Amino acid sequence: MKKLYIVYLPKKANETLRNRKILKVLEWYSKMTKYKNCVISSPGYMSTIDSKIKNFLSNLSRILTPTISGNNSNKVYFGLLNGMNGGNKLKNNNSSIIQYHNSNMGKFGFIPIKIKTIPVLDHRKVMCFFTPRNDNKIEEINGSYDIKRFLNNISVNAVLIGSSNQSNSTYFDDPSKKGEADIFMFIDEMKGLLYNSITENRENNDIGFEDTVITESVYGKGNDDPESFLKDILEDLLNTNIE
């Protein structure tokens, strides 16, 4: 039976990078699921300088991908929505912020998913982690028909929701400039493998679960389908950002 677990990930002002729970948990989850998850992101505010964008993609790739270089089988598909400022021009560059992210993803272990996102001001900060069913290719998403087809061909396994903008400064500044908090929800269907990993490693500071707040949820569609609950979150993001 699938269960949905919820982990609270606080970040304090002036916190060092090595204590950043959001990064530790994302790295743990990537390793435990053998880097099979693809990502669709609603980023909030993104970095606005080309070097900062490259730093963000490089740093994030070390967490979400098994290797920074190599063939496509070792890379993670990544779809980026407009957020608050994706359509804005980069400083000293003719590219938009979202175009620059997409054009540089391949250098840092990601394969961009082509999403026809609209310039809506969406301040939600969400990452949805999913896997294609039956080894289906990740295709571009251009409209409502593509959204339905896309959702029918994937399994949504985890969702990160929070106050942290997906930018280099917010995720990787050392020390952090301000306090924030994020929620990580994940499905555990491997006989408790993920949850047991957390409980068994609460004393392991390297993993970051020593004082983690975690609970099991009883909610889903009909209270027994946590994947549908997570998929509804992704569907809402796509419908908001795609015509």
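Please read all numbers here as calculations on a predicted model, not as lab measurements.
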To the nearest 0.5 angstrom, please state how far the CG atom of L9 sits from the CD1 atom of I183. 7.0 Å
Between K2 and D225, does the side chain to side chain contact (heavy atoms under 4.5 Å, CB included) criterion hold? Intermediate values first, please. CA-CA 7 Å; K2 294 181 179 180; D225 188 1; 5.6 Å; no
Quick one: do I49 and M46 end up in the same hydrophobic cluster if we chain Ile, Leu, Val, Met, Phe, Trp and Tyr together by side-chain heavy atoms under 4.5 Å apart? no
Answer yes or no: is there a donor N or O on one side and an acceptor on the other, between the side chain of K107 and the main chain of S58, under 3.5 Å? no
For residues V126 and L81, determine if any side-chain heavy atom of one lies less than 4.5 Å from a side-chain heavy atom of the other. no
When you look at F229 and L4, which way does the side chain to side chain contact (heavy atoms under 4.5 Å, CB included) test go after all the steps? CA-CA 9 Å; F229 173 63; L4 181 69; 3.7 Å; yes
Just so I know, are the side chains of F108 and T65 near enough to count as touching, which here means a heavy-atom distance under 4.5 Å? no
Taking a hydrophobic cluster as the set of Ile, Leu, Val, Met, Phe, Trp and Tyr residues connected by side-chain heavy atoms closer than 4.5 Å, whether directly or through intermediates, do V120 and L237 fall within one such cluster? no
Does any part of the side chain of L234, heavy atoms only, come nearer than 4.5 Å to the side chain of L151, both counted from C-beta? yes
For the pair R124 and D236, evaluate side chain to side chain contact (heavy atoms under 4.5 Å, CB included) and give the outcome as yes or no after the intermediate values. CA-CA 11 Å; R124 286 172 291 185; D236 176 60; 2.4 Å; yes
Can you give me the closest heavy-atom contact between N241 and G83, atom names plus distance? OD1-N, 4.5 Å
Answer whether the closest heavy-atom distance between the side chains of L60 and M127 falls below 4.5 Å. yes
Which atoms form the tightest heavy-atom contact between G162 and D182, and what is the distance? CA-OD2, 3.1 Å
Do I233 and I161 have side chains that get closer than 4.5 Å, going by heavy atoms? yes
Could you pull out the closest heavy-atom pair between S155 and E227, with the gap in Å? CA-OE2, 3.1 Å
From N152 atom CG to R133 atom CZ, the distance as rounded to the nearest 0.5 Å: 8.0 Å
Taking every non-hydrogen atom, the tightest pair across P132 and C38: CD-SG, 4.2 Å
Please report the interatomic distance NZ(K21) to OH(Y8), rounded to the nearest 0.5 Å. 9.5 Å
Does the side chain of Y29 come within less than 4.5 Å of N37's, by heavy atoms? yes
Quick one: OG1 on T48 to NZ on K91, what's the gap to the nearest 0.5 Å? 4.0 Å
Supply the members, apart from Y45, of the Ile/Leu/Val/Met/Phe/Trp/Tyr cluster built from side-chain contacts under 4.5 Å; use none for a lone residue. M84, L121
Considering only heavy atoms from C-beta outward, does the side chain of Y100 approach that of N93 to under 4.5 Å? yes
What distance separates K125 NZ from S41 OG, expressed to the nearest 0.5 Å? 11.5 Å
Just how far is it from atom CZ of F110 to atom CG of L57, taken to the nearest 0.5 Å? 6.5 Å
For D122 and N82, indicate whether the former's side chain and the latter's backbone hold a donor-acceptor pair under 3.5 Å. no
Apply side-chain hydrogen bond (donor to acceptor under 3.5 Å, both in side chains) to residues T131 and N157 and explain how you reach the verdict. CA-CA 7 Å; T131 49; N157 308 307; 3.3 Å; yes
Step by step, would you call F186 with W28 a ring-ring contact (aromatic ring centres under 6.0 Å, His included)? CA-CA 12 Å; F186 66 91; W28 161 83; 5.7 Å; yes
Would you say Y35 ends up clustered with I111 if hydrophobic residues are merged whenever their side chains have heavy atoms under 4.5 Å apart, either directly or through other cluster members? no
Hydrophobic clustering (ILVMFWY, side-chain heavy atoms < 4.5 Å, transitive) - are F172 and F78 grouped together? yes
Residues in side chain to side chain contact (heavy atoms under 4.5 Å, CB included) contact with N102, at least two apart in sequence or another chain: L80, I98, M105, P112
For the residue pair I118 and T240, what are the closest heavy atoms and their distance? CD1-O, 3.8 Å
Backbone N/O of T170 and side chain of S167: donor-acceptor pair under 3.5 Å: yes
Does the side chain of L238 come within less than 4.5 Å of F150's, by heavy atoms? yes
Looking at residues at least two apart in the chain, or sitting in another chain, which of them share a side chain to side chain contact (heavy atoms under 4.5 Å, CB included) with E15? K11, K12, N19, R20, S176
Is a donor on one side and an acceptor on the other found under 3.5 Å between the side chain of S30 and the backbone of L26? yes
Taking all atoms of both residues into account, what is the closest heavy-atom pair of L64 and V39, and its distance? CD1-CG2, 4.2 Å
Would you say E27's side chain and I63's backbone share a donor-acceptor pair under 3.5 angstrom? no
Could you go through the side chain to side chain contact (heavy atoms under 4.5 Å, CB included) check for I187 and L230 one step at a time? CA-CA 9 Å; I187 293 172; L230 297 185; 3.8 Å; yes
Between D146 and I141, is there a donor-acceptor pair closer than 3.5 Å when you use the side chain of the first and the backbone of the second? no
